[in-house]
S.K.: 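I'd like to ask some things about the structure below.
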Amino acid sequence: MKPTRTQTEKRWLLWPPIVFFAIALGAPIAMLIIQAFESGGSAFGEMFAMNAFTAALLRTLVMAVIVTLLTMLVGALYGLGIWAAPSWLSMVLVAFLMLSLWTSIVVRTVGWMLIEIPRGALFWLLNTLGLTDEPIELYQTAIAMYPAMVAVMLPFVVLPVMTAMSGIDKEQLNAAVIFGAGPTLVLRSVILPALKPSLISGGVLVFVMSLGFYVTPLLLGGPSNLTVSGVINLQINTTNRPDLGAAMSLLLVGATVVIYLIADKLFKVSEKWG
Amino acid sequence: MRTMTGALGLYRVPIFAVSVLAGLMLFVPFLVLVATSWTSGSLLLFPPQGFSLRWYEQVLQDPKWMDPFFLSLGVSGVATVIAVIFGTLGALAVTRLSQRSARIVRTLFIVPIALPPVAYAIGLYGMNLELGFLRGTLVTLILGEALIALPYVFVLVSAATGKLDPNLRNAAVTMGAPWTLVLRRVELPLLLPNILAGAIFAFSIVFDEVVLSVFLLPPGVVTLPMKMLSASTEAFSPALTATSTMVSLLALIVLALFAWFSQASARRTRKAASK
Amino acid sequence: GVAAVTVALVGCSSATGGDSSGSEGGEVVWADYGGPTNESRQIAYFDGFEEETGIKVISASLSDAIMAKMLEGGEGDYDLIQVSSDSLIKYKDNIVALPDSATKSDTLPEGIRDYAIGGFLIGIAQGWITDTYPDGGPQDWADFFDTKKFPGKRAWPGSPGSYDASFELALLADGVAQEDLYPLDLDRATAKLDSIRGDLVFYESYPEVQTLLSTGSASIAVSVTGQFTALINQGLDVTVQWNEAFLSPNFFVVPAKAKNPENAFEIAEWLTDGERQAVFTERTFYGPANEVTFDFLENSTAKRLPGGPGNDGSIYFDEQFRADNLDELVGRYTDWLAG
Amino acid sequence: MTIPVTIDKVDVTLGPNHVLKQVCLDVKAGEFVTLLGASGSGKSTLLNVIAGLQKVDTGHVLFNGENVEKRAPQDRNVGVVFQSYALFPHMTIGDNVSFPLLAAKRPVKERKAVAAEMLELVQLGGMADRMPASLSGGQRQRVALARAIASNPGVLLLDEPMAALDKQLREHMQVEIKRIQERVGITTIAVTHDQTEAFTMSDRVAIMHQGCFVQIDAPQELYRKPVNEYVAKFLGEANLFGTADGVLLGQPGTQGSQGTAVIRPEDLQPLHDGETARVSIEATVSLVSFQGERYRVEARAADGTTVISTMPSNSDMSRLAVGSLMEFGCRQPERMHVIVPQDSSAVVVEEPVAA
Amino acid sequence: MTIPVTIDKVDVTLGPNHVLKQVCLDVKAGEFVTLLGASGSGKSTLLNVIAGLQKVDTGHVLFNGENVEKRAPQDRNVGVVFQSYALFPHMTIGDNVSFPLLAAKRPVKERKAVAAEMLELVQLGGMADRMPASLSGGQRQRVALARAIASNPGVLLLDEPMAALDKQLREHMQVEIKRIQERVGITTIAVTHDQTEAFTMSDRVAIMHQGCFVQIDAPQELYRKPVNEYVAKFLGEANLFGTADGVLLGQPGTQGSQGTAVIRPEDLQPLHDGETARVSIEATVSLVSFQGERYRVEARAADGTTVISTMPSNSDMSRLAVGSLMEFGCRQPERMHVIVPQDSSAVVVEEPVAA
Ligand SMILES: Nc1ncnc2c1ncn2[C@@H]1O[C@H](COP(=O)(O)OP(=O)(O)OP(=O)(O)O)[C@@H](O)[C@H]1O
Ligand SMILES: Nc1ncnc2c1ncn2[C@@H]1O[C@H](COP(=O)(O)OP(=O)(O)OP(=O)(O)O)[C@@H](O)[C@H]1O
Ligand SMILES: [Mg+2]
Ligand SMILES: [Mg+2]
């Protein structure tokens with residue numbers, strides 16, 4: 001049966017949040033636009049002429065793609081792990097997830113640094129085990145930053161995957177097993193199809209959020225991993241070009257929203273999430 | 001159930017292996033941080049030098065840490081309340097819209113997730129400067145943090161509204177209940193677990209928010225993440241990790257209590273059902 | 001309910017922010033980078049000042065964006081902003097000069113002296129844990145670049161804004177004479193920097209230096225000397241190479257749109273007191289901006305300060321050049337980092 | 001309180017679907033009318049229209065002769081029992097039942113009293129403090145019913161009230177609901193797609209098909225005298241034969257037929273040796289199944305027509321081995337109903353039938 | 001391929017519940033046995049035990065005389081139709097049906113051929129490329145059936161295969177499934193809680209109650225000769241009277257009774273004026289409902305016993321107005337079944353009954 005709708009209740013439910021959005025989202029965006037055009041709009045041309053920016057743009061995109069793919073892969077396995085593991089293990093896995101969610105990202109990044117620096121915790125462990133004497137050449141390499149970024153993004157894939165797994169039709173699983181399907185076929189015919197929508201919507205969110213990475217890649221991956229957010233920060237905090245910063249921000253906001261909308265159209269992300 | 005996990009056969013090995021590795025990936029940095037906080041020295045080092053709780057003691061006694069902590073609690077609390085109100089209203093509104101407009105509204109509510117914090121902070125800061133009466137207050141900061149937290153509330157509450165039997169509303173309406181009564185007595189009570197979950201998630205996001213704070217905090221006022229940030233720009237002190245450890249543990253305890261309560265109430269319902 | 005809480009919070013902010021604004025003393029907003037340095041100022045200067053004058057000193061965490069806006073003549077909350085010499089030169093038009101009657105920082109150059117409040121000298125030098133090189137460590141920047149003679153990673157400023165002394169020290173290492181340093185030959189400098197890139201470990205914020213050095217993850221660090229001092233204060237034996245170290249005066253300025261310039265100048269006077277500066281210096285090991293301070297310092301302490309007795313090999317930046325070429329320096333350094 | 005309900009040429013379009021087409025229905029005060037139809041025929045939609053939960057494109061709904069178009073569902077004073085019961089899971093049974101009084105802002109005491117009275121009526125006295133989750137399906141059903149009539153509504157609407165119950169319970173509740181309805185005397189419109197249910201409970205049954213009423217009549221009339229083949233087949237099994245002047249011609253629509261004869265399986269019996277009937281057909285037994293109170297025999301005539309006959313469970317079935325050729329005949333020709341073509345066109349043209 | 005199945009003293013405990021208690025059942029090759037019982041009686045659990053989805057505490061399952069305890073579900077070669085059908089929603093009908101062959105790594109060509117053949121068998125030929133979502137309930141049901149028999153299993157298990165269908169379709173599919181089962185000749189064990197369904201399809205029906213078999217027998221035997229009151233009441237309506245030497249004594253268990261007489265409603269008829277029957281009871285008609293092919297009459301005897309009688313729809317009902325006092329009698333006393341007390345104890349003691 002269709003829910004009833006009355007105009008009054010729609011008005012009362014919808015307008016307060018819309019007004020809130022107008023103030024909290026609309027006004028700042030308007031400010032950004034004003035700021036970006038302070039120098040007469042030349043900022044938009046200037047930013048594309050800027051080598052550091054275009055390079056960072058490309059770098060950020062590549063990084064976001066890699067982080068997204070890795071997070072989706074690890075997240076899917078993690079979600080499966082939580083589902084399939086004995087209850088004590090899945091409780092531990094969920095607890096780890098929550099713990100990490102509740103630790104400040106900045107502090108977590110420091111934690112990664114302490115692990116990865118040439119004579120950090122990892123070296124200490126290997127050294128204590130007698131495996132190495134040499135400092136570890138890991139810090140500020142690509143390998144060093146991806147685990148940290150994946151760890152930051154993991155909850156956004158694992159949580160929807162967990163929901164999807166708990167919704168798996170047990171009868172379908174039984175059916176697959178009864179009809180002789182081995183693990184591969186069970187995965188392919190029942191589990192992955194059930195997982196796919198959540199995995200994709202989680203992935204889209206991770207991608208969109210990954211476009212905003214800044215400190216983590218810079219610290220753990222080294223200065224050559226300057227992202228768009230980093231360049232924007234630079235314009236605002238160091239070179240004192242707020243108009244450029246605003247223009248770049250607008251581009252970033254616009255691009256993420258457009259990417260999100262396209263993905264939403266293709267994969268119905270917001271429906272999966274809302 | 002034997003087929004549940006048995007169906008995965010040997011794939012369980014890589015799945016568990018990756019899960020455990022990923023679990024370590026989440027846990028080890030936390031562990032290292034915790035370890036650095038119980039050092040008796042004053043450098044942020046792993047392995048820590050000796051064991052003492054002096055940094056915990058210091059943080060707990062130092063108003064320079066405790067004030068920001070309480071301020072953060074307040075700011076995050078208010079921002080969470082705002083996010084919960086508007087996120088819940090939005091989630092409820094979406095169920096009453098036509099499919100087309102629901103799509104638009106849903107997208108609008110999720111977009112803040114995609115907002116780069118730096119860009120948003122600059123916009124808010126501009127607004128703050130433009131509207132003089134906002135300066136020196138926490139209004140813009142709270143507004144901004146509420147907006148950032150809102151999508152999470154929206155998503156979690158929407159998940160529940162989607163599962164709500166639409167006939168509950170219809171039933172209430174045909175019995176003469178005005179929509180406010182339906183909202184108050186039927187829908188909100190049923191959505192409460194998800195609203196709470198949304199609130200917890202939102203709070204965790206806001207409590208950790210630092211980019212907006214940098215731009216929007218009035219001079220002399222410091223939130224906890226801001227304090228942690230500034231504590232790490234001049235010196236890495238174990239006070240930093242001690243604070244972070246305490247916050248995480250506090251959160252974990254609150255979450256565990258929440259889980260315990262909701263489980264207990266679920267048990268009560270089940271017991272009642274089997275009666 | 002919500003409204004009430006919001007009001008309470010807003011109220012609380014202004015309570016900490018400036019409840020005394022209406023009362024006799026007023027307030028002054030002091031913007032620096034927080035941390036132990038700010039704590040030291042609180043102890044050395046502010047506590048006494050507040051007691052004496054009733055003016056409340058509000059320490060704000062300095063936001064670069066707000067600072068930039070105010071230095072350009074815009075509105076903002078700060079009354080006193082920490083800047084480096086090149087920024088002062090660049091934005092002099094929007095900075096209020098000290099009243100003629102004020103006591104000036106006598107170690108600072110002419111053009112700067114009239115604006116600078118609470119000045120202190122920052123040194124940028126190489127330092128290492130003394131044990132790392134038992135036979136004596138690097139003597140100059142050329143040694144720093146000699147990874148055969150002095151093996152090990154070098155901790156290096158990696159955040160795009162912090163070009164610090166990078167170009168200058170590279171050119172010195174490449175054989176450019178001190179007096180020919182400016183104008184900087186950036187191509188030559190970056191080429192020299194490229195040669196050592198593989199041996200660098202970058203830090204994003206200064207305190208990482210302490211971690212990198214103390215764990216042995218880096219053998220040598222290029223950093224502001226305060227970080228070495230901090231390590232020494234922890235009881236570590238750290239050698240700071242003052243030869244060819246770069247010195248940069250930092251201080252506070254009153255931006256044109258500051259709301260409490262009178263209070264700012266009042267505290268400026270308070271800060272010039274040598275005895276109080278000595279307290280601050282002993283805690284932070286930044287070089288003092290007034291000669292008189294040395295009268296109140298132990299000799300052993302003085303020797304460890306930038307610009308202290310015996311540290312004669314240090315070099316002052318050409319702040320004018322750096323101010324004029326800020327954008328290019330940042331741009332080139334960022335490009336090199338992004339490599 | 002009980003009122004007559006009139007539905008006057010109601011049209012509803014949902015998205016691309018023309019769901020209700022010029023639907024008319026007159027329900028007398030206190031009458032029990034059931035809407036019976038296949039899934040998707042528009043039954044729930046019509047019920048929603050009456051409750052005010054669904055807007056109409058054109059047409060009117062009249063309560064007691066008064067147009068209620070402008071009245072919101074809150075103001076129509078109808079009681080509804082939903083298929084899923086739609087009990088509020090977080091409220092006690094008592095609070096559920098007295099919810100209409102809460103909505104009407106009645107004092108706690110009155111609410112308690114009415115809840116107790118209503119629960120007594122549905123034989124759940126003393127269970128006011130239990131939660132819905134702790135009740136069985138049948139009990140929940142009764143709570144939903146109690147809640148629907150708690151505010152003394154003028155009309156009671158039941159949307160497949162028994163669909164979620166198992167067979168035993170369903171049959172019990174059918175009688176129960178009818179009993180309560182008669183006691184309260186309330187005008188009731190129910191929806192179902194189970195014909196036994198419709199027959200058992202209703203004064204009249206309205207057959208819906210693709211948004212139209214095909215026939216509205218008392219149960220016996222519907223069963224014995226369907227206006228067309230759709231109704232005939234929908235209400236239990238039926239043997240349909242082409243017919244001309246009372247002579248069976250094989251399948252309906254075969255050459256020379258003047259109409260379709262409907263013979264219910266219980267009226268088409270295997271004839272004894274030598275026995276003749278005016279209406280009879282020869283067929284080979286293909287399936288015999290025991291169904292408890294009866295046997296069901298399926299047989300195939302030479303021209304492929306399937307013949308179905310049911311016989312009381314005390315019949316001698318030895319003659320009816322699978323494969324044996326039998327003569328099936330209608331012993332009481334007055335129990336054969338002939339649908340004449342113009343009537344039967346109703347299905348094709350989807351012409352609405354007014355009540 | 002078809003094999004006999006033996007279940008030998010199987011015990012299953014799930015959590016705190018003793019779900020199956022010493023269950024024994026022998027199913028002959030090609031036989032169709034239905035497990036009939038109320039919700040929660042352990043039917044699905046027993047089916048899972050046979051399929052290998054549920055471990056047993058003690059007892060054995062034998063396929064063709066061979067213990068299959070050690071065999072994983074994959075290796076038991078059973079076909080299962082699940083209540084929700086459990087079709088894979090992202091695969092075409094054809095892929096669904098040929099899934100067992102995909103699992104067995106058979107070549108594409110063979111898979112296609114088998115899918116086509118199976119779909120033909122269930123009368124869905126040519127629909128191989130459709131998706132499950134585009135099918136009606138009945139069609140999905142048939143696809144599930146086709147898939148279950150595609151790998152030519154030794155045993156076919158059906159867990160409430162028709163629960164999700166509406167009544168018309170359900171009745172149609174019952175006959176259909178029986179027909180296909182007979183064609184394929186496969187040993188079949190089905191689960192249901194609808195007695196008509198069980199009767200229509202099965203060679204034998206096993207009545208389950210709280211984890212035990214109460215009676216296992218052919219449909220007619222069960223219906224006519226229930227071993228106890230539980231079975232009598234579970235299989236359709238029944239009039240139960242205390243009895244002594246063929247004399248009805250009112251309610252079961254009344255003083256002096258030697259057993260319980262079971263008289264089905266169709267065997268208890270209102271007697272004509274002056275007519276007598278050896279077994280009869282006087283009662284006041286309280287409810288008459290038309291149910292299509294029959295009338296159902298409820299009457300109340302002086303001692304409060306409810307008497308139920310059903311009459312063919314061609315009966316003259318004019319005598320049976322509500323409130324009239326009638327003599328109801330059983331005209332064929334051989335159709336009265338008497339349950340003697342020691343049998344009836346089976347329900348109380350929950351003693352398992354071996355097949
Ligand atoms: N929101 C909608 N948009 C478009 N079509 C709809 C909508 N709701 C229902 N319909 C269509 O209207 C028709 C009638 O629906 P309705 O729910 O009234 O049927 P029903 O007779 O109650 O069926 P059931 O027995 O399955 O409940 C169906 O064909 C359905 O597909
Ligand atoms: N995992 C479990 N843990 C504990 N008890 C269980 C579990 N699964 C089922 N049961 C109990 O076992 C009993 C039998 O369950 P089963 O599903 O076999 O019943 P059923 O006869 O198939 O019922 P239905 O007709 O409702 O499907 C029930 O009482 C149920 O509560
Ligand atoms: Mg319906
Ligand atoms: Mg079951």
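Order of the sequence lines sets the chain letters (A, B, ...), proteins ahead of strands, with each chain counted from 1.
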S.K.: What part of A:Leu14 lies closer than 4.5 angstrom to a heavy atom of chain B: side chain, backbone, both or neither?
M.R.: both
S.K.: Using a 4.5 angstrom heavy-atom cutoff, name the option from B:Leu183, B:Ile122, B:Val28, B:Thr88 with the most pairs to chain A.
M.R.: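 The residue among B:Leu183, B:Ile122, B:Val28, B:Thr88 with the greatest pair count is B:Ile122.
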S.K.: Does any heavy atom of chain B fall under 4.5 Å from the side chain of A:Met248, the backbone, both, or neither of them?
M.R.: neither
S.K.: Checking A:Val253 against chain B: side chain, backbone, both or neither under 4.5 Å from a heavy atom?
M.R.: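 For A:Val253, backbone and side chain are both near chain B.
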S.K.: Measure the shortest side-chain to side-chain distance between B:Trp179 and A:Leu13 over non-hydrogen atoms and say whether it is less than 4.5 angstrom.
M.R.: yes
S.K.: Specify which of B:Val32, B:Leu147, B:Leu143, B:Ile15 makes the most heavy-atom pairs with chain A at under 4.5 Å.
M.R.: B:Leu147
S.K.: Under a 4.5 Å heavy-atom cut-off, does chain B meet the side chain of A:Leu187, its backbone, both or neither?
M.R.: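 Contact with chain B is through the side chain of A:Leu187 alone.
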S.K.: Measure distances from A:Leu250 to the heavy atoms of chain B and classify the residue's part below 4.5 Å as side chain, backbone, both or neither.
M.R.: neither
S.K.: Could you tell me which portion of B:Phe109 (side chain, backbone, both or neither) has an atom closer than 4.5 angstrom to a non-hydrogen atom of chain A?
M.R.: both
S.K.: Check each atom of A:Leu97 against the heavy atoms of chain B and say whether the ones under 4.5 Å are side chain, backbone, both or neither.
M.R.: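 Its backbone and side chain both get close to chain B.
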S.K.: Need one label for A:Thr184: side chain, backbone, both or neither, based on atoms under 4.5 Å from any heavy atom in chain B.
M.R.: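 When you check distances to chain B, atoms from both the backbone and side chain of A:Thr184 fall under 4.5 Å.
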S.K.: Using non-hydrogen atoms only, which part of B:Pro151 is less than 4.5 Å away from chain A: side chain, backbone, both, or neither?
M.R.: neither
S.K.: Please classify the contact between A:Ile117 and chain B as side chain, backbone, both or neither, with a heavy-atom cut-off of under 4.5 Å.
M.R.: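 Neither the backbone nor the side chain of A:Ile117 comes within 4.5 Å of chain B.
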S.K.: Can a donor-acceptor pair be found between the side chains of A:Thr103 and B:Ser248 at a distance below 3.5 Å?
M.R.: yes
S.K.: Examine whether an atom of A:Val150 lies under 4.5 Å from a heavy atom of chain B, and if so say whether it belongs to the side chain, the backbone or both; otherwise answer neither.
M.R.: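 Both backbone and side chain of A:Val150 come within 4.5 Å of chain B.
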S.K.: So which of A:Ile232, A:Val74, A:Ile236, A:Val106 has the largest heavy-atom pair count under 4.5 angstrom toward chain B?
M.R.: A:Ile236
S.K.: If you round to the nearest 0.5 Å, how far is CD1 of A:Ile29 from OG of A:Ser249?
M.R.: 9.0 Å
S.K.: Of all of A:Ala151, A:Gly212, A:Gly79, which one pairs up most often with chain B through heavy atoms under 4.5 Å apart?
M.R.: A:Ala151
S.K.: Go through the atoms of B:Ala146 and report whether side chain, backbone, both or neither lie under 4.5 Å from a heavy atom of chain A.
M.R.: both
